[in-house]
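The next block holds one structure in the form of structure tokens; read it before the comments.
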2 protein chains.
Amino acid sequence: MAKATIDDVAALAGVSMKTVSRVVNKEPNVRASTRDKVQAAIAELEYRPSQSARSLAANRSYVLGLLYDNPSANYVIDVQEGALETCRRAGYDLLIHPCRHDEPSLASEVLSLVRQSRVDGLILTPPLSDIAELVEGLVAAQVPFVRLSPTENKQACPYVQTNDQEAAYDMTCQLIELGHERIGFIAGHPDHKAVAERFKGYRAALKESRIKLDKSLVVQGYNSFESGRAGAAQLLALESRPTAIFASNDDMAAGVIIEAHHRGIAIPRELSVAGFDDTPVAHQIFPSLTTVSQPIADMASKATELLIKQLKGKAVQMPAAIMSCRILVRESTGKLGK
Amino acid sequence: MAKATIDDVAALAGVSMKTVSRVVNKEPNVRASTRDKVQAAIAELEYRPSQSARSLAANRSYVLGLLYDNPSANYVIDVQEGALETCRRAGYDLLIHPCRHDEPSLASEVLSLVRQSRVDGLILTPPLSDIAELVEGLVAAQVPFVRLSPTENKQACPYVQTNDQEAAYDMTCQLIELGHERIGFIAGHPDHKAVAERFKGYRAALKESRIKLDKSLVVQGYNSFESGRAGAAQLLALESRPTAIFASNDDMAAGVIIEAHHRGIAIPRELSVAGFDDTPVAHQIFPSLTTVSQPIADMASKATELLIKQLKGKAVQMPAAIMSCRILVRESTGKLGK
DNA sequence: AAGCAAACTGACAGCGCTGTCAGCATAGCG
DNA sequence: CGCTATGCTGACAGCGCTGTCAGTTTGCTT
């Protein structure tokens with residue numbers, strides 16, 4: 001059986017092509033009885049509209065592009081899941097486009113995607129959300145897009161973020177309440193602003209508790225397990241070593257735990273460790289990691305919704321959504337000596 | 001500046017539309033000087049061919065679909081990376097399409113994607129590679145596709161796989177050489193044939209060493225951390241417990257390690273543990289996990305290559321590629337008492 | 001220099017839809 | 001009963017390319 005076209009359906013239903021088009025696109029002003037006839041014909045012929053034809057005629061592709069440069073597989077997968085969930089409901093498909101945030105031609109490469117009419121809009125995830133050149137390029141080219149967890153230039157487009165600095169603050173407070181005063185901090189990759197700025201929450205909590213920020217307790221990490229382990233090595237070699245270490249993400253926290261194991265430091269008896277993100281490693285590690293869970297998939301889903309609204313020309317009234325993190329207390333944190 | 005079309009380029013270059021098309025599609029039989037003129041015009045106008053128009057006219061979309069139902073984020077990401085690498089080189093884009101392998105309407109849902117002309121071909125990853133109904137549906141509909149790690153019906157389409165049963169065999173042999181005779185095995189999810197069949201390698205190795213297969217040492221896992229932990233709990237509660245446990249994947253092996261920690265069983269002194277896949281957790285866990293590394297991204301890249309060849313109508317001479325696994329010996333395995 | 005094959009180029013139809021606009025039916029109203 | 005407002009439907013052009021095929025030029029042979 002050859003692929004049915006809109007003409008075949010129209011002929012079978014005894015209506016015009018255009019009416020079939022109306023039914024397919026759920027346009028108003030079609031008599032119920034006509035709609036039924038058309039739908040029956042569609043079912044009988046197993047008609048599926050050609051996306052290329054409708055893209056060409058209507059000048060939109062019903063495809064969204066997901067841009068990422070995130071080494072964390074779990075993050076990316078969660079974002080994909082959330083984005084796809086909304087896409088499915090709205091009849092969109094998702095094209096994935098990993099790219100390097102430090103690639104000079106990034107903006108033009110991405111613009112090409114749009115100018116080829118491959119995608120109708122874009123979803124940017126950190127750290128791409130904060131690449132000024134890219135964001136400005138998209139704005140200038142009037143490309144619809146949304147961002148996840150941007151830290152700068154927030155009026156550029158709709159966005160979704162979490163209260164993660166607040167969560168970092170809360171986590172630090174919890175450690176302080178457990179009696180910790182020397183709390184090490186492993187900062188996130190400086191290019192990855194959303195992670196890097198968790199430091200602000202840490203700093204604020206110390207300040208509130210009038211604990212002086214000891215710079216020797218803050219080390220630069222790069223979001224990787226190895227950088228976490230190296231950071232821990234540095235912190236745990238200090239003469240007066242910290243009694244707790246808060247890493248800006250779970251991979252680094254896992255590095256801290258391994259380094260502690262290798263030094264024979266008991267967790268949490270001698271050292272509390274906290275992470276951020278609740279990646280699978282957080283509960284697969286021993287001891288299981290106290291961390292912060294972010295609703296990544298929900299964020300992505302919400303962001304996609306905002307993008308699609310924008311595409312439909314509806315002014316996005318609430319161009320930003322803030323979602324809440326949750327602290328998960330597990331085995332890796334506790335009072336000293338317990 | 002309005003978007004340039006092929007006519008604009010043709011006018012500027014002083015040639016016909018068709019010639020521009022030839023240059024863009026790298027067709028032969030264009031004089032070098034003509035090609036240069038056209039390319040100059042393309043560059044000047046920043047012309048980007050409309051994908052929808054060429055899809056409609058040429059009846060192909062230059063988009064491949066990646067189908068997966070794999071809970072392992074790392075696996076999926078690696079596959080995406082490999083597939084995209086080849087896609088980029090060949091000018092294709094990648095649409096991702098997660099789906100449930102136990103969904104009854106799976107085949108028709110996937111066929112819809114193709115009938116809408118959204119994708120030119122499909123890449124199936126396990127466990128979808130072994131869903132007979134889907135595979136047969138695609139064959140019947142003459143949809144070009146490739147599979148990763150299929151275990152059945154291998155003549156249906158080109159495929160790529162690893163020698164993972166052999167690797168499971170080798171891993172088991174290594175454990176035996178270390179002096180282990182009671183080797184527990186945690187099997188993979190029965191729906192996920194590629195993982196489940198690693199058992200065959202284990203069985204073969206025991207047989208060769210004339211170790212009788214003790215059924216109480218083989219427990220059913222479901223590829224998840226939790227199922228691995230539950231399996232370990234069962235094995236470690238045996239009166240005469242195993243001195244080594246080989247889990248069919250790393251998540252389950254991580255579960256074994258955690259369960260051992262909680263029971264105060266020292267690894268590898270009292271228990272050796274081996275996994276499979278070399279996911280990040282394998283080296284982020286303590287002790288680091290002896291495991292098998294598969295070239296997932298390379299497999300996916302190769303598979304994509306086979307698919308694209310197929311699309312170009314070239315008979316795929318070598319419709320199957322076997323790639324090699326590598327055993328990574330880390331801290332979690334050793335001689336008893338060491 | 002004529003003849004022929006091969007290399008190169010262009011005219012044009014048409015891929016399968018959607019947007020525009022005009023036309024017809026029906027309902028509501030004075 | 002005629003008029004307008006509204007709901008509903010269809011004719012048709014055209015979105016921007018590629019495939020076909022015919023026409024033109026070039027290079028080579030004799």
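Given the structure is predicted, the values throughout are model-derived calculations rather than measurements.
Summary for the helix from C:dA1-D:dT30 to C:dG30-D:dC1: the axes at its two ends, each from 5 pairs, differ by 30° when rounded to the nearest 10 degrees.
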Taking N or O atoms only and anything under 3.5 Å, show me the protein contacts with nucleotides 19-23 of chain D, one pair per line.
| unit_1 | atom_1 | unit_2 | atom_2 | d |
| --- | --- | --- | --- | --- |
| D:dG19 | OP1 | B:R60 | NH2 | 3.4 |
| D:dG19 | N7 | B:K18 | NZ | 2.8 |

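For D:dG16, neither phosphate oxygen OP1 nor OP2 lies less than 4.0 angstrom from any side-chain nitrogen or oxygen of B:S50. Under 4.0 angstrom from either OP1 or OP2 of C:dT18 there lies no side-chain N or O belonging to A:Y62.
Applying the side chain to side chain contact (heavy atoms under 4.5 Å, CB included) rule to B:S16 yields the partners B:K18, B:T19; only residues at least two apart in sequence or on another chain are considered. Scanning for side chain to side chain contact (heavy atoms under 4.5 Å, CB included) contacts around B:D298 gives B:P295, B:M323, with sequence neighbours left out.
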Next on the checklist: Quick one, A:V79 with A:Y68, criterion side chain to side chain contact (heavy atoms under 4.5 Å, CB included). Give me CA distance, side-chain angles, the key distance, then yes/no.
Outcome noted: CA-CA 10 Å; A:V79 167; A:Y68 58 88; over 6 Å; no

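Within 6.0 Å of atom CZ in B:R100, 12 or fewer heavy atoms from other residues, nucleotides or ligands are found, so the atom counts as exposed in its surroundings. Residue B:E103 places its CD atom among more than 12 non-hydrogen atoms of other residues, nucleotides or ligands, all under 6.0 Å distant. A 6.0 Å sphere centred on CD of A:E27 holds more than 12 heavy atoms belonging to other residues, nucleotides or ligands.
Side-chain contact check for B:N153 and B:Q155: at least one donor-acceptor pair (N or O, by modelled atom type) lies under 3.5 Å.
Atoms CD (B:Q51) and P (D:dC17) sit 10 Å apart, rounded to a whole Å. Atom CZ of B:R118 and atom P of C:dC17 are 13 Å apart (whole Å). Here D:dC15 presents its C1' atom at 11 Å from CG of B:D7, a figure rounded to the nearest Å. For the pair B:R54 CZ and C:dG16 P, the interatomic distance rounds to 18 Å; values are reported in whole Å. In this entry the distance linking CG of A:L56 with P of C:dG14 reads 17 Å, nearest Å.
Looking at heavy-atom distances under 4.0 Å, B:V24 makes no contact with the nucleic acid at all.
In this pair, A:H189 and A:H101 present their aromatic rings perpendicular. The plane angle is above 60°, beyond the 30 to 60° band.
In the region residues 28-43 of chain A, proximity to DNA chain C at under 4.0 angstrom, judged on heavy atoms, holds for none of the residues.
In the set D:dG10, C:dT18, D:dG16, D:dG10 carries the atom at the smallest distance from any side-chain atom of A:T19.
A:K309 and A:E305 are not joined by a salt bridge, as no carboxylate oxygen comes within less than 4.0 angstrom of a charged side-chain nitrogen.
For the pair A:L306 and A:Y159, the minimum side-chain heavy-atom distance is 4.5 Å or more.
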Under 3.5 Å, side-chain donor or acceptor atoms of residues 47-55 of chain B against the rest of the protein: list the pairs with distances, not counting sequence neighbours.
| unit_1 | atom_1 | unit_2 | atom_2 | d |
| --- | --- | --- | --- | --- |
| B:R48 | NE | A:S112 | OG | 2.6 |
| B:S50 | OG | B:S52 | N | 3.4 |
| B:S50 | OG | B:A53 | N | 3.1 |
| B:Q51 | OE1 | A:R118 | NH2 | 2.8 |
| B:Q51 | NE2 | A:Q116 | OE1 | 2.8 |
| B:R54 | NH2 | B:N25 | OD1 | 2.5 |
| B:S55 | OG | B:Q51 | O | 2.6 |
| B:S55 | OG | B:R60 | O | 3.4 |

